[in-house]
Amino acid sequence: MLTALAARDIAQVFRLIQRETSVSQTHLGVATGLSQAQVSEIIGGARRVSSIDVLTRISTGLLMPDAARMTLFLGERPRHPDPATTPSTHAQAAADLHLTERFSDVEAVYPSRSEFLSKMPPHALFDGAADIRAVGLSLNLICQQYADSRLAQMVRDGTHLRLLFLDPAGSAIRQREVEEGMTAGHLGSLTTLNLQGILRIRDRLPAEIRDRIDVATYDQTIRVNVMLINDAVCVAQTYLPHSRGVEAPTIVIKKRWPAAGLYPVFERTFNELWSGGQLR
């Protein structure tokens, strides 16, 4: 089971559960928020589960213990503990508290955006999402690395997007071009391309659902790229002097408390920038 979880092979997870419990596909669906047809497609290999949101729902519905959940979300199988060094329940609880105090609601940290994407591709973040909020420079993760057709279908299915781009004609983007050693107008052109692309997607939607995509621009010194998904997961990336955005560390945060931890800090950053943005 741990091997299947580490590979995020939900088909094998379901097969193992059925083998041990003789549970029906219908009951598996009820427990995990899936239809019987979806469970059948997963087991048969026609559908592969990659969305963090769906994986979370499955792990919750199946009442996975912490070790199993950790294996599933980290994509790694933990080493077998040495019984001689396994901590007692009280010692483990103290260790868990210590980790919470040290790392707050930080789920993972990657040294660069490219390494983050290799572990957590866009479809794993966005597929099935109901709400996506993003502020940054060109928002390439959404506009360049996620298919327009899939984005449009998500919106038709009910997803709400709020996207805040750095103004391609503003002074802040010129300053960033200087910091990164870019040719004047390079970042502005890329941002204009992405901005036009998302507006084109919106314009092609039926008129009654176009308000599900809100687009705005801002002209302030860029400090961080923030993406908030389903009011549950935050991907934050700082902008460092003289380094391209793709080379900066990326932090994945899972909301654990209403007002504590790092999630509310980055959510407040988004809200403040959004409130001063110019709608398109």
Side-chain angles (χ1 to χ4, degrees), residues 1-82 86 92 96 99 103 105-130 132 141-142 145-147 149-151 153-154 157 159 227 229-230 232-235 250-256:
M1 176 61 84
L2 287 175
T3 299
L5 290 170
R8 291 182 177 168
D9 185 353
I10 300 303
Q12 178 66 358
V13 170
F14 283 172
R15 284 193 289 266
L16 289 170
I17 292 172
Q18 285 190 307
R19 189 184 73 186
E20 296 298 323
T21 67
S22 300
V23 67
S24 69
Q25 292 183 358
T26 300
H27 283 110
L28 270 176
V30 170
T32 57
L34 300 168
S35 68
Q36 183 275 328
Q38 289 173 321
V39 172
S40 178
E41 289 176 352
I42 291 170
I43 292 175
R47 178 190 293 259
R48 183 169 178 82
V49 179
S50 56
S51 165
I52 294 296
D53 192 45
V54 177
L55 290 172
T56 300
R57 197 163 68 234
I58 290 173
S59 67
T60 301
L62 296 179
L63 301 178
M64 287 188 187
D66 289 344
R69 289 172 66 95
M70 184 176 297
T71 300
L72 176 66
F73 289 114
L74 291 181
E76 297 176 354
R77 181 169 179 173
R79 293 175 299 175
H80 292 293
D82 182 349
T86 300
Q92 185 62 54
D96 291 343
L99 286 174
F103 301 115
D105 48 356
V106 173
E107 185 76 8
V109 179
Y110 300 92
S112 67
R113 187 187 300 170
S114 56
E115 186 161 336
F116 158 72
L117 287 172
S118 71
K119 298 288 187 181
M120 197 172 290
H123 66 83
L125 286 169
F126 302 142
D127 285 1
I132 299 172
L141 193 60
I142 292 177
Q145 294 166 316
Y146 196 73
S149 57
R150 294 178 74 167
L151 196 62
Q153 187 57 52
M154 282 175 53
D157 292 340
T159 302
M227 190 163 299
I229 304 162
N230 287 342
V233 175
C234 170
V235 179
T250 302
I251 308 168
V252 179
I253 300 161
K254 274 197 173 181
K255 186 176 182 179
R256 293 179 181 170

Rounded to the nearest 0.5 Å, what's the gap from [atom1] on [X] to [atom2] on [Y]? Could you check?
X	Y	atom1	atom2	result
Thr250	Met120	OG1	CE	10.5 Å
Leu117	Gln145	CG	CD	5.0 Å
Glu107	Ile253	CD	CD1	10.5 Å
Ile229	Leu125	CD1	CG	4.5 Å
Thr159	Arg150	OG1	CZ	12.0 Å

Polar side-chain atom of Glu115 near backbone of Ser112 as donor-acceptor pair, under 3.5 Å
no
Any donor-acceptor pair under 3.5 Å linking the side chain of Thr71 with the backbone of Ala67?
yes
Heavy-atom closest pair, residues [X] and [Y]:
X	Y	result
Leu16	Met1	CD1-CA, 3.8 Å
Met154	Ala129	CE-O, 4.2 Å
Phe126	Ile142	CZ-CG1, 3.6 Å
Ile43	Ala11	CA-CB, 4.0 Å
Ala130	Asn230	N-OD1, 2.7 Å

Does the side chain of [Y] come within less than 4.5 Å of [X]'s, by heavy atoms?
X	Y	answer
Arg48	Ile42	no
Leu28	Leu62	yes
Asp105	Lys255	no

Passing candidate, side-chain contact (heavy atoms from CB on, under 4.5 Å) with Val49, options Ile10, Leu34, Thr32, Val13
Ile10
side-chain contact (heavy atoms from CB on, under 4.5 Å) with Arg69: which of Thr60, Leu5, Leu55?
Thr60
In chain order, what residues pass the side-chain contact (heavy atoms from CB on, under 4.5 Å) check against Ser51, with sequence neighbours excluded?
Asp53, Val54, Asp127
Provide the full list of salt bridge (Lys or Arg N to Asp or Glu O under 4.0 Å) pairs with a residue in residues 17-46, sequence neighbours left out, each pair given once.
Glu41-Arg47
Which pairs count as salt bridge (Lys or Arg N to Asp or Glu O under 4.0 Å) when at least one residue sits in residues 55-65, sequence neighbours excluded?
none
Using a distance-only test with no angle check, is there a side-chain donor-acceptor pair under 3.5 angstrom linking Arg15 and Gln18?
no
